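Below is one structure, written out as structure tokens; the observations come after it.
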Number of protein chains: 2
Amino acid sequence: MRITSSIEYATRLMVTLAAEHGGDPVPAERLAEADNVPADFVSQILVKLRRAGLVTSHRGSAGGYALSRKPAEITLAQVVRAVDGAVFEEVCGRYEVGAKDCRHQGQCAISPVWTKLGELVTRYFEDVTLAAILEQKAGACGAPPEWLEKLASGK
Amino acid sequence: MRITSSIEYATRLMVTLAAEHGGDPVPAERLAEADNVPADFVSQILVKLRRAGLVTSHRGSAGGYALSRKPAEITLAQVVRAVDGAVFEEVCGRYEVGAKDCRHQGQCAISPVWTKLGELVTRYFEDVTLAAILEQKAGACGAPPEWLEKLASGK
DNA sequence: TCCATTCTTGACTAAAACAGTCAGGAATGA
DNA sequence: TCATTCCTGACTGTTTTAGTCAAGAATGGA
């Protein structure tokens, strides 16, 4: 279980854009240098972020990328979904969960374990915003205690 | 982010062995049938589980595999580590965290986000035991509320 | 002792995912 | 009209995943 380079890169790009929020659009090449990401790869990632509506782009000189909304309104979950499609993908052995071939359907003792894990991870990603990362708040850039309490008390 | 087939298979095998705990050793082939896992793949997984000390094996007729200790004393974290080497692997862009080439070393705003996620996931895996899965306790087979409370209150 | 059963080991392969790279084109603003 | 910058899609090499396969060694029973 690991974080892919794409996710790491995308997060870095978004945090950099968050830091520049309100200023001029940032060209992809400058982002690449600032964040130590291969230049040709940056474009690919930015296109996905744009299609997901997380950034806006402008061509021509003085063009570049900018966040489409405030850093506090963009979560890691949105970034991850833009790049990877989903935060957590569950499988049930050889089949996707719910596939009609799955022998354990309806009585699988293990499926709930992965489902819970997925909820945990998703919840985490949904509660970390770009603003929080930028501010490096002790609680916010990591696991915000509030939602853990909520989860612990049974939603 | 997802659970690999190997992890799913290993978990299923271990849960089945847990259900048979105290009885005769279970041959790999029977495990394969019971859990719907490719027969030749089962052996590979079982070898890893044996090398990690989670199961014992006996050859010859009436041979097979058995848990090396009680289901309540085996956690998912141990199973995952046996099969994949680690529960959560962190990277920092193109480099492993702490690599001397990492430009963000020491001042990386993002690294703590992944570290926290890793702790969350690891903790989850360490608190789910085979016994808990087997018993399908509402709290235990999923996210045990207790450790969430602990985590929320700051360890 | 012979033999069926079962584990053991390591090599092998096909497919997918990951991590980039590249080239040609289209918009924009000076 | 020209430099800048984004846009799109195809291409490639490596690694991981998910198996498959075959030869061999231990074990217990006939």
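Remember, it's a predicted structure, so these values are computed and weren't measured experimentally. Chain naming here is simple, since letters A, B, ... match the order of the sequence lines and numbering starts at 1 in each. These values consider heavy atoms only, across backbone and side chains, with no hydrogens, waters or symmetry-generated copies.
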request  = State, with a plain yes or no, whether a side-chain heavy atom of T129(B) is found less than 4.5 Å away from one of I133(B).
outcome  = no
query = Do the side chains of L54(A) and V79(A) get nearer than 4.5 Å, heavy atoms only?
reply = yes
Minimum-distance nucleotide to [X] side chain [options: [options]]:
X	options	value
P27(B)	dT6(C), dG29(C), dA19(C)	dT6(C)
D40(B)	dA26(D), dT21(C), dC21(D)	dC21(D)
V47(B)	dC21(D), dT9(C), dA19(C)	dT9(C)
P38(B)	dG19(D), dG29(C), dT5(C)	dG19(D)
F41(A)	dA25(D), dC6(D), dG20(C)	dG20(C)
R59(A)	dG20(C), dG25(C), dT8(C)	dG25(C)

request  = Before accepting this row, confirm whether a basic side-chain N of the pair R2(B)/E8(B) lies closer than 4.0 Å to the acidic partner's carboxylate O.
outcome  = no
inquiry  = Among residues at least two apart in sequence or on other chains, which ones pass side chain to side chain contact (heavy atoms under 4.5 Å, CB included) with V47(B)?
reply    =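 Scan of V47(B) (side chain to side chain contact (heavy atoms under 4.5 Å, CB included), adjacent residues dropped) gives R50(B), R51(B).
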Rounded interatomic separation in angstrom, taking [atom1] from [X] and [atom2] from [N]:
X	N	atom1	atom2	answer
D24(A)	dC6(D)	CG	C1'	17 Å
Y65(A)	dT28(C)	OH	P	14 Å
R30(A)	dT5(D)	CZ	P	10 Å
L49(A)	dC7(D)	CG	C1'	15 Å
I45(A)	dG20(C)	CD1	C1'	10 Å
H58(A)	dA26(C)	NE2	C1'	16 Å
R12(B)	dA18(D)	CZ	C1'	14 Å
E33(B)	dT6(C)	CD	C1'	14 Å

Are [X] and [N] close enough that a side-chain N or O sits under 4.0 Å from OP1 or OP2?
X	N	value
S57(A)	dC6(D)	no
R50(A)	dT8(D)	yes
S61(B)	dT6(C)	no
Y9(A)	dG20(C)	yes

task = State whether the side chain of R69(B) and the backbone N or O of E73(B) hold a donor-acceptor pair below 3.5 Å, judged by distance alone.
result = yes
task = Measure from the side-chain N and O atoms of Q44(B) to the backbone N and O of F41(B), and report whether any donor-acceptor pair falls under 3.5 Å.
result = no
query = Is there a side-chain contact (heavy atoms from CB on, under 4.5 Å) between T11(A) and I3(A) once you walk through the steps?
reply = CA-CA 11 Å; T11(A) 306; I3(A) 296 295; over 6 Å; no
key: Residue met sooner reading DNA chain C from 5', once I3(A) and A62(A) are mapped to nucleotides   =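 Here I3(A) is the residue nearer the 5' end.
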request  = State which residue, out of T56(A), L49(A), I74(A), fulfils the side chain to side chain contact (heavy atoms under 4.5 Å, CB included) condition with L67(A).
outcome  =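 Between L67(A) and the candidates, side chain to side chain contact (heavy atoms under 4.5 Å, CB included) is satisfied uniquely by I74(A).
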Return the polar atom pairs (N/O with N/O) between nucleotides 9-16 of chain D and the protein under 3.5 Å, or none.
| residue | atom | partner | partner atom | Å |
| --- | --- | --- | --- | --- |
| dA10(D) | N6 | Q44(A) | NE2 | 3.3 |

task = For S6(A), answer base if it contacts any base atom (sugar-phosphate contacts may also be present), sugar-phosphate if it contacts only those atoms, and nothing otherwise; contact means non-hydrogen atoms under 4.0 Å.
result = sugar-phosphate
